[in-house]
Amino acid sequence: MINHHVTDTEKSNYYFNIPKIYVKKAYYLTKERNIVGIDGITIEEFQSNWNKNMYKIWRKLSSGNYHPPPFVRETIDFNGKIRVMAIPTVSDSIAQFAVRLYLKDKIGSIFYNEMYPVKSQKYYRSVVLAVASAHKKCQKYDWVLRLDLRKFGYSINQQRLLQMISIHLDPQWVVLINRWLKNWQIDRKSFQFERTKGIVPGTSIGNLLGDLYLHYAFDHWMKINFAHIPFERYGDDILCHCKNEQQAQQLLRRIDQRLRRYQLTLNNDKTKIIYCKDGRRTGTYPNTHFNFLKYRFQARKVTTRKGISKVVFFPLKFKKQ
């Protein structure tokens, strides 16, 4: 793969020296996206000179001289809401995926088991595990604090994010990642947009950076201050399991204060405290169901193998009307 002999002299000039296998894996991940960036090159055109193009990406990344071309700025309708997406070129998407795979191996061990990686290579397994964990916790804890962050990706403080990265990686990595964070966007009318805040959706490396940001803003803080309260986090979708309503209310206030320190805010319309009502928990409260990763958790009537009917708090795939 990427057939090109690299001399010892060349290797000494490659600070990052990213293994070529990451670039190859990144190519196949990009191939699934079928994107066309600002240079207009399709994946088919990239393939026509595959070996040369792949080596060029690897060489620039490994030497630290990689500079991403501008993103194409696109607006899309996402469930009735307009969102801005940053579309990279085919080559840049491969570069981002390669760095994401490499960095995940470097810093992946810092993440807690409560974090389920977004859009990983085992995406569906990650979702199923998160939902299964939430279901198990709902059997033990009567209350759930469902957190919804307002425009999470757009709100990330870039300077703080770079500081987090510098804890684990050398300064050269910080410089490389900062080039993607600060990269220009150009829309179809050739207007240029400079971004000084957040991570634009559409970038291949964005999910990993978002997880790193919330690791310090939320996960690590929870493990230190509220180790007795279990939680699940998938991206910015978060569930916290509480013993009673008072505990959930107190936790909500503390989390709100914590997130504001990182320029993150909760969506008050969607952040809820839910009572896990079922056959044995029969209290009357306004919120008794919630959605998590396209699954709806609520009381459902089931029949056991012995033919006995009972009401349980159970998740099923949720379909929006």
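Note that the structure is predicted; figures quoted are calculated from it, not measured.
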Just by distance, do the side chain of S126 and the backbone of P117 share a donor-acceptor pair under 3.5 Å? yes
Review item, side-chain donor-acceptor pairs of residues 66-73, under 3.5 Å, at least two apart:
from	atom 1	to	atom 2	distance (Å)
Y66	OH	D92	OD1	2.5
R73	NH1	Q185	OE1	3.2

ILVMFWY cluster membership beyond F314 - transitive side-chain contacts under 4.5 angstrom: V302, V312, L316
Sequence neighbours excluded, which residues qualify as side chain to side chain donor-acceptor pair (under 3.5 Å) partners of R150? none
Check side chain to side chain donor-acceptor pair (under 3.5 Å) between R179 and all other residues, then give those that pass, not counting sequence neighbours. none
Contacts under 3.5 angstrom, residues 191-203 side chains, donor-acceptor by atom type, not counting sequence neighbours:
from	atom 1	to	atom 2	distance (Å)
R195	NE	K197	O	2.7
T203	OG1	V200	O	3.1

Identify, with sequence neighbours excluded, every residue that meets ring pair (Phe, Tyr, Trp, His ring centres under 6.0 Å) alongside F231. F218
Any residue meeting salt bridge (Lys or Arg N to Asp or Glu O under 4.0 Å) with R253, in chain and number order, not counting sequence neighbours: none
List in chain and number order the residues that pass side chain to side chain contact (heavy atoms under 4.5 Å, CB included) with K136, two or more places apart in sequence or in another chain; answer none if no residue qualifies. none
Residues which pass salt bridge (Lys or Arg N to Asp or Glu O under 4.0 Å) with E245, listed by chain and number, not counting sequence neighbours: none
Not counting sequence neighbours, list each pair that qualifies as a salt bridge (Lys or Arg N to Asp or Glu O under 4.0 Å) and has a residue in residues 205-223. E114-K223, D211-R233, D219-R233
Taking only residues two or more places apart in sequence, or in another chain, which ones meet D256 in a salt bridge (Lys or Arg N to Asp or Glu O under 4.0 Å)? R260
All side chain to side chain donor-acceptor pair (under 3.5 Å) counterparts of Y213, not counting sequence neighbours: none
